[in-house]
K.L.:
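This is the structure I have questions about; it appears just below.
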Amino acid sequence: MGAMDTETTFPLIISVDDHTVEPPTVWQDRLPKKYQDIGPRIVRAPLKEMTFLGGRFKPVMGRPGDDGPIGDWWVYEDLHRPLTRLDTAVGYSRDEIKLEVITYEQMRRGSFDVPSRLADMDVNHVQSALCFPTFPRFCGQTFTEAQDHELGLLGVRAYNDWMVEEWCGPDARGRLIPLTLIPLWDAELAAAEVRRNAARGVRAVAFSEIPPHLGLPSVHTDYWDPFLAACAETGTVVAMHIGSSSRMPSTSADAPPAVGSTITFANCCFSMVDWLMSGKFERFPGLKVMYAEGQIGWIPYILERADVVWEENRGWGGVADKVHRPPSELFADHVYGCFFDDAFGLKNLDSIGVGNVLYETDYPHSDSTWPESRQVGEAQMGHLDADVVDRIVRRNAIELLGLTDDGLWPGGA
């Protein structure tokens with residue numbers, strides 16, 4: 001086939017990495033009454049101070065009547081976490097996007113309202129979208145770090161119920177694809193939650209790119225095996241977003257955010273090597289993992305290097321007894337890279353694999369290509385055959401996430 005005719009044929013996008021900002025009542029509507037005062041809730045309060053250096057975000061909430069900009073804050077046990085402009089930046093010029101607290105009224109409504117989200121997807125040539133959380137953080141770390149894990153488990157389940165029944169419910173018409181959370185502190189409970197949600201059609205679960213950064217066991221242990229078995233058995237893809245280890249890459253405590261923003265892919269890089277050298281893909285042949293917002297241009301070298309290490313150093317490298325195939329072969333069968341703006345990666349697609357690449361728009365974050373995701377895709381994929389573009393923009397996601405041939409989530413269509 002010839003190169004894509006971008007004027008008429010760029011496919012409707014299935015984005016595998018967008019975000020939802022949870023409405024204020026998600027947990028207040030679903031938790032038992034005894035938890036209303038300590039469960040997640042929104043409080044409007046001033047900002048005392050806020051820094052984001054060395055990959056660490058540190059906000060401090062002021063008291064009523066204090067000076068400072070007013071924002072909406074999630075309050076949960078001892079946690080105070082504000083809504084920020086970085087959570088929902090679409091619709092603002094790049095120069096207007098700053099690290100500042102905001103209220104729900106100051107954000108684009110599509111961040112938290114289903115009909116408005118669908119309208120913004122229409123503007124952006126997006127048919128369907130998988131959305132990561134905001135307050136729970138990218139793999140539910142907020143509940144893992146809480147003191148009361150009984151409440152934390154209820155919080156995870158409440159989020160998942162909201163995700164499936166409301167965010168991806170009838171009003172979404174199958175266009176929003178559910179992504180659920182697990183209680184990371186208990187792999188057996190995590191497996192049960194995977195199966196509970198798989199039974200209602202969920203095919204993706206959030207997980208940490210580097211669990212030890214959260215004080216949890218690594219993928220080199222057998223701790224996660226019940227969870228991984230549940231994912232493999234139910235066809236649930238393990239979705240890891242940059243920052244899902246609560247530690248963005250940086251170089252020093254005083255490095256400005258621009259340093260970390262440039263190297264955000266690094267955690268995905270480290271994580272992928274962990275998985276390729278863990279033996280888990282051979283132990284759980286049905287397991288699939290994806291790296292949201294990790295981009296793809298770095299992948300060819302890592303696969304080349306991993307194959308060399310496996311071929312030449314596996315005897316002393318601690319993997320000879322569990323990794324029996326070249327890592328590049330394991331990648332081809334089990335791993336998906338996700339990108340929204342990576343011209344270099346697309347020029348090296350043959351070294352990655354057409355079947356291992358997914359497209360995303362990152363709505364409503366500051367890096368999002370909204371409302372020009374189609375134009376970005378056309379510019380970067382114009383040299384590719386139309387069938388290759390279709391795989392990247394739609395078909396790979398349809399197959400991985402169990403969508404209908406029309407690109408919709410069957411549970412909500």
Side-chain angles (χ1 to χ4, degrees), residues 9-26 29-30 88 90-91 104 107-134 136 157-181 196-206 234-237 239 241 290 292 338 340 358-365 368-374 377 389-413:
T9 61
F10 194 81
L12 279 171
I13 297 165
I14 298 176
S15 174
V16 297
D17 171 31
D18 286 359
H19 300 265
T20 179
V21 176
E22 299 80 18
T25 60
V26 168
D29 285 350
R30 290 169 180 79
T88 171
V90 293
Y104 278 92
M107 71 174 68
R108 192 170 185 88
R109 207 174 156 76
S111 303
F112 62 90
D113 175 73
V114 171
S116 300
R117 171 61 66 92
L118 299 186
D120 279 353
M121 290 163 62
D122 290 340
V123 169
N124 200 31
H125 199 66
V126 173
Q127 179 186 27
S128 307
L130 180 83
C131 296
F132 283 81
T134 297
R157 289 174 174 166
Y159 177 87
N160 292 341
D161 290 344
W162 169 80
M163 168 62 62
V164 174
E165 297 167 6
E166 293 196 31
W167 185 250
C168 301
D171 288 348
R173 306 193 301 277
R175 297 182 61 187
L176 294 173
I177 305 162
L179 171 72
T180 51
L181 304 176
R196 181 176 83 95
N197 291 304
R200 46 185 177 175
V202 176
R203 291 284 300 275
V205 63
T234 60
T236 300
V237 63
H241 195 285
M290 59 171 265
C338 311
F340 58 83
L358 305 167
Y359 199 43
E360 58 187 38
T361 79
D362 197 30
Y363 178 106
H365 283 182
S368 178
T369 51
W370 185 93
E372 298 179 340
S373 299
R374 174 180 180 168
V389 175
D390 186 67
R391 285 202 67 81
I392 293 171
V393 176
R394 292 182 57 80
R395 184 56 51 185
N396 289 339
I398 288 172
E399 294 173 0
L400 179 65
L401 299 172
L403 308 181
T404 69
D405 287 342
D406 294 330
L408 302 175
W409 179 52

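We're numbering straight along the sequence, starting at 1. Heavy-atom basis, side chains included; hydrogens, waters and symmetry copies ignored.
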K.L.:
Would you give the length of the straight line joining atom CD of Glu166 to atom OG1 of Thr20, rounded to the nearest 0.5 angstrom?
P.N.:
11.0 Å
K.L.:
Should Arg196 and Asn160 count as side-chain neighbours, where that means a heavy-atom distance under 4.5 Å?
P.N.:
yes
K.L.:
Do the side chains of Arg108 and Asp120 get close enough for a salt bridge, i.e. N-O under 4.0 angstrom?
P.N.:
yes
K.L.:
Going by atom type alone, with no hydrogens or angles, which donor-acceptor pairs under 3.5 Å involve a side-chain atom of residues 399-413 and a protein atom two or more places apart or on another chain?
P.N.:
unit_1 : atom_1 : unit_2 : atom_2 : d
Glu399 : OE1    : Arg391 : NH2    : 3.3
Thr404 : OG1    : Asp406 : N      : 3.2
Thr404 : OG1    : Gly407 : N      : 3.4
Thr404 : OG1    : Leu408 : N      : 3.1
Trp409 : NE1    : Gly201 : O      : 2.9

K.L.:
Who passes side-chain hydrogen bond (donor to acceptor under 3.5 Å, both in side chains) against Asn124, sequence neighbours left out?
P.N.:
Ser373
K.L.:
Could you tell me whether a side-chain N or O of Glu22 sits under 3.5 Å from a main-chain N or O of Thr134, the two making a donor and an acceptor?
P.N.:
yes
K.L.:
Does any N or O in the side chain of Thr180 come within less than 3.5 Å of the main-chain N or O of Val205, such that one atom is a donor and the other an acceptor?
P.N.:
no
K.L.:
Would you call the rings of His241 and His365 parallel, tilted or perpendicular, taking 30° and 60° as the class edges?
P.N.:
perpendicular
K.L.:
So does Arg175 pair up with Asp122, basic N to acidic O under 4.0 Å?
P.N.:
yes
K.L.:
Not counting sequence neighbours, which residues clear side-chain hydrogen bond (donor to acceptor under 3.5 Å, both in side chains) with Thr234? List them please.
P.N.:
Thr236
K.L.:
In sequence, state the C-alpha distance, the side-chain angles, and the governing distance for Asp161 and Arg200, and then conclude on salt bridge (charged side-chain N to carboxylate O under 4.0 Å, His left out).
P.N.:
CA-CA 10 Å; Asp161 290 344; Arg200 46 185 177 175; 2.7 Å; yes
K.L.:
Set out, in order, the CA-CA distance, both residues' side-chain angles and the distance that settles side-chain contact (heavy atoms from CB on, under 4.5 Å) for Ser15 and Tyr363, then state yes or no.
P.N.:
CA-CA 9 Å; Ser15 174; Tyr363 178 106; over 6 Å; no
K.L.:
Parallel, tilted or perpendicular: which fits the ring planes of Phe10 and His125, with parallel below 30° and perpendicular above 60°?
P.N.:
tilted
